[in-house]
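Read the structure below first, then the notes.
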Amino acid sequence: MTGVRQTTPLDRVAGAHDAAVLAVARRGDPVSRAELADALQVTPQAISKIMGRLMGRGLIAEAGTLAAGPGKPTTLYRIVPSSRRAIGLHLTRSRVHGVVVDLSGEILERRELEIGRLQPVPELIETLATEARALAEVGPGVLLGAGVGMPGPVDWSEGVYRGTSDPDPWRGAEIRRLLLEELGLPVLLDHDSRAALVGETWSQPGLLHDAALVLVEDGLGASLCLDGSIVRGAHSHAGEAGHTVVRMGGAPCTCGRRGCAQAEYQAALAAGDDDLAAQVLATIVVDIVRLVDVDRVVLGGRTVYAHHESSMNAIRAALAEGLHAEPWVHVEVMLSTRGTDLIAVGAACEVLEHEYGIPQALVGPGS
Ligand SMILES: [Zn+2]
């Protein structure tokens, strides 16, 4: 494997086309070249080139023909889910939730391990490697690597967990490099909310063009997809909505400020005030909509599932109130389709995306 793939603008166009074809093909029924050309808004010649590339790599295969009137029957194509696999690991401070998925993003196997305590880094790497090795045994096809999604701050491009100002044994841990050395497989590391958004875009191909995913796990974060691209920012920190202030002089936050949404949300839940927690969530959702003009907001994460009804109601009410003067602004709010697998699946899908040529900070042996 090569290291971080050096992508040129042409690679990116090719990668985006390959990914778009696979995204269309993933939606279900076999597709024709004409349908693909239409979906991608490219010429039939361009589709032939893309299909040649994908078939040459075994990612797409013919799936029969469709006779429609006189003339040559139309050849149909489908993706070959069993051609590739990727592992996704969702790491929290107390748990590893792992999956292995096929090329369509379908889960072949999942594993869940309660760690129960904050492991020192060498032990943590061993734990992750053990889970990955067990998942690597499942399913056919080429295993492309392992993606890890974890709470931030995470430096995606460096593969490092940056850590917080609290005493934090994982602070500065080069998780990507260490796990790669342990596994001998390509590895990438990403922020949990970004991995979650990639996972969700795979579940809803083409729908999340301008969207935010608000993730509520132990912390509260968000990630953004604008103009069809995941936004990362200058320090891989884009979307830290949990650290925007919702109450001046409010509850102290781990980041050093007061009144951050995350701190206020956790304080409200700890006090048993679910309504207030839902209002905090609703406030940051409206702020995100105001700031970057998304038309879809996806809610995900274990904590939000436990409170999804109050959360959805509060968000819808806050959006209706906040946008009432602009009836042409429509924002759809939905729960993630992936449940508690979301982050693990997303981390695995990021590895698959690298194979398609979408820039991902996947680093392999020998790089
Ligand atoms: Zn904060």
Side-chain angles (χ1 to χ4, degrees), residues 90-95 118 148-158 160-173 175 189-197 212-226 230-292 294 297-307 310-311 314-315 318 322 342-343:
H90 172 200
L91 170 66
T92 73
R93 303 205 144 224
S94 60
R95 190 185 334 108
L118 210 49
V148 180
M150 67 181 293
V154 167
D155 189 322
W156 169 80
S157 60
E158 297 294 321
V160 172
Y161 171 70
R162 292 284 182 211
T164 61
S165 54
D166 285 351
D168 185 344
W170 296 354
R171 187 179 168 88
I175 291 177
L189 179 73
D190 206 353
H191 195 282
D192 53 6
S193 66
R194 234 92 65 207
L197 183 51
L213 184 137
V214 176
L215 187 73
V216 194
E217 288 266 311
D218 296 333
L220 199 170
S223 49
L224 302 168
C225 182
L226 299 177
I230 304 272
V231 177
R232 296 187 176 276
H235 306 92
S236 296
H237 292 349
E240 288 285 5
H243 295 289
T244 55
V245 172
V246 294
R247 188 160 71 96
M248 301 303 282
C253 182
T254 51
C255 75
R257 299 170 88 196
R258 280 182 170 274
C260 286
Q262 177 173 298
E264 293 293 325
Y265 183 84
Q266 288 166 343
L269 281 189
D273 193 341
D274 287 10
D275 287 343
L276 180 59
Q279 280 169 30
V280 172
L281 201 55
T283 301
I284 61 163
V285 168
V286 178
D287 287 351
I288 291 170
V289 169
R290 296 279 62 170
L291 196 61
V292 288
V294 291
V297 176
V298 183
L299 287 187
R302 282 175 194 260
T303 307
V304 95
Y305 285 116
H307 306 275
S310 55
S311 304
I315 291 169
L342 178 63
I343 296 160

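This is a predicted model, so every value here is computed, not measured. Counting convention: from 1, in listed order, for ligands and their atoms alike.
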| Quick one: CG on Leu299 to CG on Leu213, what's the gap to the nearest 0.5 Å? |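 That separation rounds to 8.0 Å.
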Counting N and O atoms only, with roles assigned by atom type, does the side chain of [X] sit under 3.5 Å from a partner on the main chain of [Y], one being a donor and the other an acceptor?
X      : Y      : result
Arg194 : Ile230 : no
Arg258 : Gly250 : yes
Ser236 : Arg232 : no

| query | Is any side-chain N of the basic residue among Arg95 and Asp218 closer than 4.0 Å to the acidic one's carboxylate O? | reply |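 The answer is no: the pair does not qualify as a salt bridge.
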| task | With sequence neighbours excluded, give me every side chain to side chain donor-acceptor pair (under 3.5 Å) pair touching residues 262-278. | result | Arg247-Glu264, Asp274-His307
| Near the Zn ion (ligand 1) (under 2.8 Å) - protein N, O or S atoms |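 Listed by chain and number, the nearby protein N, O or S atoms are His243 ND1, Cys253 SG, Cys255 SG, Cys260 SG.
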